[in-house]
Protein chains: 2
Amino acid sequence: MKVLHSGANSSAGQNRENIRQHNLSIIMSLLYKGGTLARSQLTSVTGLNRSTISDLVVELEELGMITQAEAVTSGGVGRPSLTVSPSANIVAFAVNPEIDATTVAVVSLSGEIIAKRRYPTQIQPAPKEAAKIAGELIKGLIKELPPKTRVAGIGVAVPGQIRIDDGVVRLAPHLNWVEAPIAAMIQQQTGLPTWVDNDATVSCMAERNFGSGRGASHCVYLFAGSGGIGGGVVVSGVQLRGASGYGSELGHIKISDSKKVDFSGLTGTLEALVKRDDLLEAFKLFGATDDELDVEVSNTKDPKAIKLINTQLDHLGRGIGVLATIFNPQIVVLEGFLDSIFKFNKERLLESVRASSLNSAHDGLVVSSGELGTRAVLIGAAGLAFAPLIQDPSGTEIYKLTKVSS
Amino acid sequence: MKVLHSGANSSAGQNRENIRQHNLSIIMSLLYKGGTLARSQLTSVTGLNRSTISDLVVELEELGMITQAEAVTSGGVGRPSLTVSPSANIVAFAVNPEIDATTVAVVSLSGEIIAKRRYPTQIQPAPKEAAKIAGELIKGLIKELPPKTRVAGIGVAVPGQIRIDDGVVRLAPHLNWVEAPIAAMIQQQTGLPTWVDNDATVSCMAERNFGSGRGASHCVYLFAGSGGIGGGVVVSGVQLRGASGYGSELGHIKISDSKKVDFSGLTGTLEALVKRDDLLEAFKLFGATDDELDVEVSNTKDPKAIKLINTQLDHLGRGIGVLATIFNPQIVVLEGFLDSIFKFNKERLLESVRASSLNSAHDGLVVSSGELGTRAVLIGAAGLAFAPLIQDPSGTEIYKLTKVSS
DNA sequence: GCTTATTGTTGTCACAGGCAACAAATACCC
DNA sequence: GGGTATTTGTTGCCTGTGACAACAATAAGC
């Protein structure tokens, strides 16, 4: 529950401690995103001296955050470089409360989902219930983890507007949550430090770090499930959050004069015009999962459905066009049923994007499906818990399992 | 013509030289934005030690970038702190080619316009003409400057899409420029290093550093003149440029199904719906300046004109609503005739903003007039030339006048 | 005039990264 | 298979930079 988006006080001076922390942090960040890297890669990427990298890596190894391994003799002249990997013993828990279920996952420091539990609920859980479910699932998972495992903390992805400073859900319409201090609740259940953020925002981070948007400095992410359209944006490598943390609500941008209304009461927004429920109705597929809907969309021959999809594609393209004009990103990543309709007729979407953005904005723009699918939100949520660790490897506590269960 | 937006390579390691440069840079940046500051303020803001600040300030003084002065005994216990000011001898030239004139100004390191020359042209100048006009004006201004003056370089603000890496104007529709290497042209005329950027972008920087947006980490700037609507955005304290530098074209975001077309051929965009020419026509004020139009707007009793203004306010509010939903900024700054109609009926605009954005986005949002007016673009353009100086005070050359005239 | 508070100055220190020299481990060439 | 070139890890030493402590300087309050 510390301040996560530490504001990057640009007027702060730097001293020697900062250097060390910064350099340790950069190595951890590279390993987090890149998995296993050779020491020589670290030297070339960071521009630091061999001896310095050696020193830093040794310190990280002593902290238990990384492991070194013999070089794999994979071509190249000269002595093989040692490989460095993020420790397999460090994990974080990801929590994702949704309308019909609460999901918890164990995610490793290298961004892999080790285990996953889904707890279905009849109706949307109240914050306390969700916290209790999450707590129980986490306690169950802890028992199954190897004893050497250490935990960075818990990251919670919530479909709503979050005050990330103290982990309070200000408003989550689909869950019917208002001013819910979910971080504190889960922290009380588990004894583990807990961070919360918007589900689309963390998914965007995941796709940027591990998925389609890998390496992009400017990336727009659009994600749609039963709860409308969420969005995330990376600008100059930094997640856009806004002054109060309520930014990048890309589903609620107004793109039309239409009187159709979205979940927040706004008319003519992207979310109002590109609605999953409309598609479900066209297919008479009430209560279907994203996968079922995806199959239906890709196979349909129904002219009415096709017309609806095309209309949605036109609207989606307009929304993407607006975002491209504003952000000029390298890539736009689509997830959920937005991806389904994109795959149905890519050219139509791209044509709409071109018609509603400047040439300079859509020239070279890549529109792409998300690689991570439903894993994105969990990997991204876990990233919230890893963030402090990566930012200050030597000054952040990692919890042992014994300590947790007490 | 170096790379300006140096991409802030986030994976770069830090060494001792970087520290020094960073700390020198931070002090220069604080002084650039803040004018005169006490040494004690520098220590508290940067968090650095007194002795370190002393050392850094001495170095900057030896570089001729700042001057120290005796403390003004203005209350407070204890020994008065020395005050530090950016050197009054360092200036940059700002160039702003427009449809009907090319303007050149001399701007001091503290952001003040020392001198200004406007050279009217019958039609929009070709790039070469504009470069020649700028060169002549600059040479004239150099003769009038005190001999001790030193020049950081030239910053050019152009209404169009700029490739800032090499200072080429990719497209400036209103000037009818295509692929114009304006930086190289002006550099050849003057012998001074020259940087180019979009006019709205640099104006945004100016308002953020010296005007209404002072201190805001997230700021949206909308600026409108005869050449349509331009925009600039600051996200987490960093200017939004996009992956290729063509971002923040806020005038061209599509907000309506209207078939009205803007200068780029896009329909239903902010620029298509909020048009200065429409206002001029309503007032029969063809060829009026912004000031004349402003007076007319504020005094009008013509119901037709009022209706038009209100319609424009509604559209502008919708555009601001979209931007607020996306960026969640602290402040939106309006300039040019956008400011004129805003002042005509502030409440109507704000109502429209509220109707087209989430509560969380417009709660606490400030919509404000620009403080700098027509000075913004010049101060901002000069900032382009100061940027390298501020980023690396000890490694950036400043040119003497004698060297320039040769 | 004394105390308290704040700031500038000076000399010393510690720490982190650079660097050079050497060792180790590979590929390539003959 | 041996020699060479190339790359990387390791070690010891060096240097630059900021922190720190002690002292001096300057102000306000009593």
Side-chain angles (χ1 to χ4, degrees), chain A residues 11-28 36-63 66-85 392-395, chain B residues 11-28 36-63 66-85 392-395:
Chain A
S11 58
Q14 288 196 324
N15 50 26
R16 284 192 329 277
E17 288 170 39
N18 290 350
I19 289 196
R20 190 69 172 184
Q21 178 187 330
H22 180 248
N23 286 342
L24 289 172
S25 168
I26 277 178
I27 293 180
M28 282 312 299
T36 298
L37 292 174
R39 271 209 209 172
S40 56
Q41 290 178 286
L42 292 176
T43 59
S44 62
V45 173
T46 61
L48 296 171
N49 194 282
R50 280 208 302 275
S51 56
T52 307
I53 291 291
S54 175
D55 200 32
L56 292 166
V57 166
V58 166
E59 179 166 349
L60 289 172
E61 198 173 25
E62 283 169 359
L63 287 166
I66 59 149
T67 53
Q68 289 194 82
E70 282 298 305
V72 271
T73 106
S74 59
V77 192
R79 176 174 177 174
S81 190
L82 297 179
T83 60
V84 189
S85 310
D392 186 8
S394 67
Chain B
S11 58
Q14 288 197 323
N15 50 26
R16 286 192 327 276
E17 288 169 39
N18 290 349
I19 289 196
R20 190 67 170 187
Q21 179 186 330
H22 180 248
N23 286 341
L24 289 172
S25 169
I26 277 178
I27 292 180
M28 282 313 299
T36 299
L37 294 173
R39 271 210 211 171
S40 56
Q41 289 178 286
L42 293 176
T43 59
S44 62
V45 173
T46 60
L48 297 170
N49 195 281
R50 279 208 302 274
S51 57
T52 307
I53 290 291
S54 175
D55 199 31
L56 293 165
V57 165
V58 166
E59 179 167 350
L60 288 172
E61 198 173 24
E62 284 169 358
L63 288 166
I66 59 148
T67 52
Q68 290 193 83
E70 282 299 305
V72 272
T73 108
S74 60
V77 191
R79 177 173 174 175
S81 189
L82 297 179
T83 60
V84 189
S85 311
D392 185 9
S394 66

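Each chain gets a letter, A, B and so on, in the order its sequence line appears, and its residues count up from 1.
- A heavy-atom distance below 4.5 Å is found between the side chains of A:Arg39 and A:Ser54.
- Separation of atoms OG (B:Ser25) and CG (B:Asn18) is listed at 11.5 Å; rounding is to 0.5 Å.
- Nucleotide C:dA16 holds its P atom 16 Å from the CG atom of B:Asn18, rounded to whole Å.
- Between A:Ile53 atom CD1 and C:dC19 atom C1' there is a gap of 15 Å when expressed in whole angstrom units.
- Atom CZ in B:Arg79 sits about 6 Å away from atom P in D:dT26, given to the nearest Å.
- Whole-Å rounding puts the B:Leu48 CG to D:dT17 P distance at 14 Å.
- Residue A:Leu48 forms a side-chain contact (heavy atoms from CB on, under 4.5 Å) with just one option from A:Asp55, A:Thr43, A:Asn23, and that option is A:Asn23.
- When each of A:Val77 and A:Val58 is assigned the nucleotide of DNA chain D bearing its nearest heavy atom, the one mapping closer to the 5' terminus is A:Val77.
- Remark: A:Asn23 is not in phosphate contact with C:dA16, judged by side-chain N or O atoms under 4.0 Å from OP1 or OP2.
- Comparing A:Gln21 and B:Ser54, the nucleotide of DNA chain C nearest to each residue sits closer to the 5' end for B:Ser54.
- The side chain of B:Ser81 sits closest to C:dG8 out of D:dT6, C:dG8, D:dG18.
- The side-chain heavy atoms of A:Ile27 and A:Leu42, taken from C-beta on, include a pair separated by under 4.5 Å.
- When rounded to the nearest whole Å, the span between CD1 of A:Ile19 and C1' of D:dG16 equals 10 Å.
- Taking atom CG on B:Asn49 and atom P on C:dT10, their separation rounds to 15 Å, with Å as the unit.
- Note: CZ (A:Arg50) to P (C:dA24) measures 15 Å, nearest angstrom.
- Judged purely by atom type and a 3.5 angstrom limit, B:Ser40 has no side-chain atom pairing as donor or acceptor with the backbone of B:Ser81.
- Atom-to-atom, CZ of A:Arg39 to P of C:dA24 comes out at 16 Å; the value is rounded to the nearest Å.
- Heavy atoms of A:Ser51 sit under 4.0 angstrom from at least one base atom.
- Using a 4.0 Å heavy-atom criterion, one finds that A:Arg20 contacts the sugar-phosphate atoms exclusively.
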